[in-house]
Number of protein chains: 2
Amino acid sequence: MRRLILDAALHLFRTKGYEGVNMRNIAEAIEYSAATLYLYYKDKNELYFALQFEAAAAKRDHLLPAMEVQDPMERLIEFGRRYIDFGFKHPDLYDLLFITKAPMEHIENQECWALGIATHTFFEETVQACIDQRYFKSTDAATIAYTLWCHAHGMVSLFIRERMRMYPEDQRQALAAKSFEMIIKMAESL
Amino acid sequence: MRRLILDAALHLFRTKGYEGVNMRNIAEAIEYSAATLYLYYKDKNELYFALQFEAAAAKRDHLLPAMEVQDPMERLIEFGRRYIDFGFKHPDLYDLLFITKAPMEHIENQECWALGIATHTFFEETVQACIDQRYFKSTDAATIAYTLWCHAHGMVSLFIRERMRMYPEDQRQALAAKSFEMIIKMAESL
DNA sequence: AAATTTACTGAACATTGTTTAGTAAACAAC
DNA sequence: GTTGTTTACTAAACAATGTTCAGTAAATTT
């Protein structure tokens, strides 16, 4: 039943956007009453957390191929490319994971957070592997990883939240691509 | 009267956060009825836009000292430092300007947008000045500016939206500072 | 067959954005 | 000075949405 609710919610959410969906909508989609949803999820936040987990899983699946690249630097680049690609292709899911303001108080207990931590740890380990192989001069893996993450997140979130209006619409993705190349080149000289 | 409304709204908004404020709250604060607000602002969006303009002005004021630095590279660095500082110190205002999902359809007509564009243009010109003085090897001012902006925005927005839980709370700002230094060093080798 | 548990719902409530109909004061016109 | 008009404002209502509650009907247990 939770599966049924989540699938409907995620589908609605990906078509109509997060804001455009409410409890009655979701209930209607699965042909139950709104009150039924509250039998399976305490409130909208719990449903939100569950959706966040779905998004985290989708993101992990999207990143998976990059994790299998052998060379650490190639892996890092592919990882970044796929991270950004995920954000641009699934703005609603990315939003849910990294932007939406929601009570994050108890998220640490959530499997979702564990998934995110695992991915982040893998990312830092890849950076460390690059350092070990002398791809970077700096040995501060945490800061390098954080810097790269901030850049990628900045690109995706500015795009998602429509703050790139000063650039022509058809050039935004290209600019992001150029910027990604630039940061990789910059990073190589770290 | 608009001044009265805006000041009350901005004050409430900065103390209770954006989500925690509604039209009745604001009206109450200035001891008028909620309906009165609609005499001066068509709807909540218009009030939102006006608030966004206030935030843009606050941001410009915060950045102003950096604009007077003579050396372009020093100016660029001070600009970045102050941009990030603004975001960390005034998360609600930053949120309003760069994160909040709001109908941006007509914002191009807004003075607010003009302010943002002006600042962005100034930023790009500073980057260009750095290029002219051979601070960078790359000559692509637009991409350099965009890259730096994405990084700064990424840092601020991940912080604001509580996505830095994997780092101890008391180390988050320090990490951001280190990352900023790193990107500056990286940039110098562009 | 009776009692209990499970799964669900219609109706209602609270909050919040928004509209409407109306009032009362200030002002204008004669 | 009365009468019409404009201005500034409000109480009350409406609509959408999150949430709760009392009740029902089927399934299960005893």
Side-chain angles (χ1 to χ4, degrees), chain A residues 1-55 92 95-96 99-107 110 112 161-162, chain B residues 1-55 92 95-96 99-107 110 112:
Chain A
M1 185 65 173
R2 286 179 180 228
R3 203 48 282 142
L4 192 67
I5 295 173
L6 278 188
D7 285 343
L10 198 58
H11 176 251
L12 275 177
F13 167 71
R14 289 175 81 160
T15 51
K16 292 178 157 195
Y18 190 65
E19 331 259 272
V21 180
N22 59 45
M23 298 304 255
R24 284 175 178 79
N25 280 342
I26 300 169
E28 211 173 304
I30 57 172
E31 294 182 310
Y32 282 85
S33 83
T36 301
L37 301 184
Y38 288 87
L39 300 176
Y40 299 94
Y41 294 99
K42 200 177 111 272
D43 53 24
K44 208 190 177 187
N45 264 330
E46 276 215 355
L47 215 173
Y48 167 84
F49 284 138
L51 278 176
Q52 209 172 32
F53 178 72
E54 299 291 299
D92 288 331
D95 208 290
L96 203 52
I99 309 183
T100 305
K101 211 173 201 164
M104 304 274 292
E105 296 95 41
H106 306 103
I107 194 169
Q110 233 61 23
C112 166
R161 290 298 167 98
E162 297 280 334
Chain B
M1 186 64 174
R2 285 177 181 231
R3 203 46 285 142
L4 192 67
I5 295 173
L6 277 188
D7 286 342
L10 199 57
H11 175 252
L12 276 177
F13 167 71
R14 289 174 81 160
T15 52
K16 295 178 157 194
Y18 189 64
E19 329 259 273
V21 181
N22 59 45
M23 299 303 255
R24 284 174 178 81
N25 281 341
I26 299 168
E28 212 172 303
I30 58 173
E31 294 182 309
Y32 281 85
S33 82
T36 302
L37 300 185
Y38 289 88
L39 299 176
Y40 298 93
Y41 294 99
K42 198 176 113 277
D43 53 24
K44 208 191 178 187
N45 264 330
E46 276 215 355
L47 215 173
Y48 167 85
F49 284 138
L51 278 176
Q52 208 171 32
F53 179 72
E54 301 290 300
D92 287 333
D95 208 291
L96 203 53
I99 309 183
T100 306
K101 210 172 201 164
M104 304 275 293
E105 296 96 40
H106 306 102
I107 195 171
Q110 234 61 23
C112 166

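First the proteins, then the strands, lettered A, B, ... as listed; each starts at 1. Only a predicted model underlies this, so the values are computations on that prediction, with no experimental measurement involved.
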Query raised in the report: In whole angstroms, how far is the C1' atom of C/dG10 from the CG atom of A/Leu39?
Result: 14 Å
Query raised in the report: When rounded to the nearest 0.5 angstrom, what distance separates CG in A/Asp43 from CG in A/Leu37?
Result: 11.5 Å
Would you be so kind as to tabulate the donor-acceptor pairs closer than 3.5 Å made by side chains of residues 17-32 of chain B, with sequence neighbours excluded?
unit_1	atom_1	unit_2	atom_2	d
B/Asn22	OD1	B/Arg24	N	3.0
B/Asn22	OD1	B/Asn25	N	2.8
B/Asn25	ND2	B/Gly20	O	3.3

Query raised in the report: Any side-chain N or O of A/Ser33 under 4.0 Å from OP1/OP2 of C/dG10?
Result: no
Report task. Answer yes or no: is there an ion pair linking A/Glu54 with A/Arg14, defined by an N-O contact shorter than 4.0 Å? Result -> no
Report task. Could you tell me the separation between the CE atom of B/Met1 and the C1' atom of D/dC9, rounded to a whole number of Å? Result -> 9 Å
Query raised in the report: Donor-acceptor pair, A/Tyr40 side chain versus A/Leu47 backbone, under 3.5 Å?
Result: no
Query raised in the report: What nucleic acid atoms does A/Tyr41 come within less than 4.0 Å of, heavy atoms only: base, sugar-phosphate, or nothing?
Result: nothing
Query - Value in whole Å for how far the P atom of C/dA7 lies from CZ of A/Arg2 - result: 12 Å
Query raised in the report: Counting only side-chain N and O atoms of A/Tyr40, is one of them less than 4.0 Å from OP1 or OP2 of C/dC8?
Result: yes
Query raised in the report: A/Ile26 CD1 to D/dT19 P: how many Å, rounded?
Result: 11 Å
Report task. Provide, to the nearest angstrom, the distance between the CG atom belonging to A/Leu37 and the P atom belonging to C/dA7. Result -> 15 Å
Query raised in the report: Should B/Glu46 and B/Arg2 count as an ion pair when the cut-off is N to O under 4.0 Å?
Result: no
Query raised in the report: Looking at CG of A/Leu4 and OG1 of A/Thr36, how far apart are the two atoms once the value is rounded to the nearest 0.5 Å?
Result: 11.0 Å
Query - Helix axis bend for the helix from C/dA1-D/dT30 to C/dC30-D/dG1 - C1'-based end axes, five pairs, 10° rounding - result: 20°
Report summary line: B/S/- along nucleotides 15-24 of chain C (protein heavy atoms under 4.0 Å) is -BBBB-----
Query raised in the report: Separation of A/Ile5 atom CD1 from C/dC8 atom C1', in whole Å?
Result: 12 Å
Query raised in the report: Rounded to the nearest 0.5 Å, what separation is found between the CE atom of B/Met1 and the OH atom of B/Tyr41?
Result: 10.0 Å
